[in-house]
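In what follows, a single structure is set out as structure tokens and then discussed.
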Amino acid sequence: MRKAAPCLPSPGFAFPDWAYKPESSPGSRQIQLWHFILELLQKEEYQGVIAWQGDYGEFVIKDPDEVARLWGIRKCKPHMNYDKLSRALRYYYNKRILHKTKGKRFTYKFNFSKVVLVNYPLLDVAAACCTCVREEDR
DNA sequence: CTCGGAACAA
DNA sequence: TTGTTCCGAG
């Protein structure tokens, strides 16, 4: 049921299946956690809180409480904390969106399976993609 | 800290 | 379905 048609003709550019996921009734209205993480990762002002580190796709949460606070604000969940946020992150393991970098504290890694090119405006492209991809399956 | 079951919300 | 909340176990 998770079938989305790629819409970017851009050569040398590919996003994982889970990247395009405008499903659900609200139609991509609701912010996904992984999207939010990517959003923070994209902004330099949050490098003291969360930042890329290590291999491609690997990031470390330097300030769990702050990330949880920001996520709580975004989702209107005042009582959010890293414990609960990380539970949501753990659900991503089976969805193959994230993986844990064991041994390293607060460190996770995105499953950019076949993505080439690293320094690209990921979110802008992802957003544009979500806009033009039309779901045909419920 | 990290993991994952279970109940529950939207 | 994706998260949220609670929580025992490792």
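Quick note: numbers below take in every heavy atom, side chains included, and nothing from hydrogens, waters or symmetry partners. Per chain, numbering begins at 1; letters A, B, ... match sequence-line order.
- Phosphate proximity of dT4(C) to Trp71(A): present, with a side-chain N or O under 4.0 Å from OP1 or OP2.
- Partners of Phe106(A) by ring pair (Phe, Tyr, Trp, His ring centres under 6.0 Å), not counting sequence neighbours, listed by chain and number: Tyr82(A).
- For Lys104(A), the salt bridge (charged side-chain N to carboxylate O under 4.0 Å, His left out) partners are Glu58(A), not counting sequence neighbours.
- Partners of Tyr93(A) according to the side-chain hydrogen bond (donor to acceptor under 3.5 Å, both in side chains) rule, which considers only residues two or more places apart in sequence or in another chain, do not exist here.
- One can place CD1 of Ile31(A) at 15 Å from C1' of dT4(C), the figure rounded to the nearest angstrom.
- Straight-line distance from the NE2 atom of His35(A) to the C1' atom of dT2(C): 15 Å, rounded to whole Å.
- Here the P atom of nucleotide dT1(C) and the CD atom of Gln32(A) are 13 Å apart, to the nearest Å.
- For Phe59(A), the ring pair (Phe, Tyr, Trp, His ring centres under 6.0 Å) criterion is met by Phe110(A), not counting sequence neighbours.
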Protein-nucleic acid N or O pairs under 3.5 Å, nucleotides 6-10 of chain B:
from: dA6(B); atom 1: N6; to: Tyr91(A); atom 2: OH; distance (Å): 3.3

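- Between Leu40(A) and Tyr46(A), the shortest heavy-atom contact is O-CB, 3.8 Å.
- To the nearest angstrom, C1' of dG3(C) lies 11 Å from NZ of Lys84(A).
- Look at CD on Gln30(A): it is 12 Å from C1' on dT4(C), rounded to the nearest Å.
- Looking at Tyr108(A), its side chain never comes within 3.5 Å of a backbone N or O of Leu89(A) through a donor-acceptor pair.
- For Lys95(A) and dG3(C), the NZ to C1' distance is 8 Å, given to the nearest whole Å.
- With sequence neighbours left out, the side-chain hydrogen bond (donor to acceptor under 3.5 Å, both in side chains) criterion links Thr101(A) to no other residue.
- Applying the salt bridge (Lys or Arg N to Asp or Glu O under 4.0 Å) definition to pairs two or more places apart or across chains, those involving residues 62-71 of chain A are Glu66(A)-Arg69(A).
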I'd like a table of atom pairs between the protein and nucleotides 1-3 of chain B - only N or O on both sides, under 3.5 Å - with the distance next to each one.
from: dT2(B); atom 1: OP1; to: Lys100(A); atom 2: NZ; distance (Å): 3.3
from: dT2(B); atom 1: OP1; to: Phe106(A); atom 2: N; distance (Å): 2.9
from: dT2(B); atom 1: OP2; to: Tyr82(A); atom 2: OH; distance (Å): 3.2
from: dC3(B); atom 1: OP2; to: Tyr93(A); atom 2: OH; distance (Å): 2.8

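- With rounding to whole Å, Phe36(A) atom CZ is found 14 Å from dG3(C) atom C1'.
- Judged as a salt bridge (charged side-chain N to carboxylate O under 4.0 Å, His left out), and not counting sequence neighbours, the contacts of Arg74(A) are Glu39(A).
- Rounding to whole angstrom units, CG of residue Leu85(A) and C1' of dG3(C) are separated by 10 Å.
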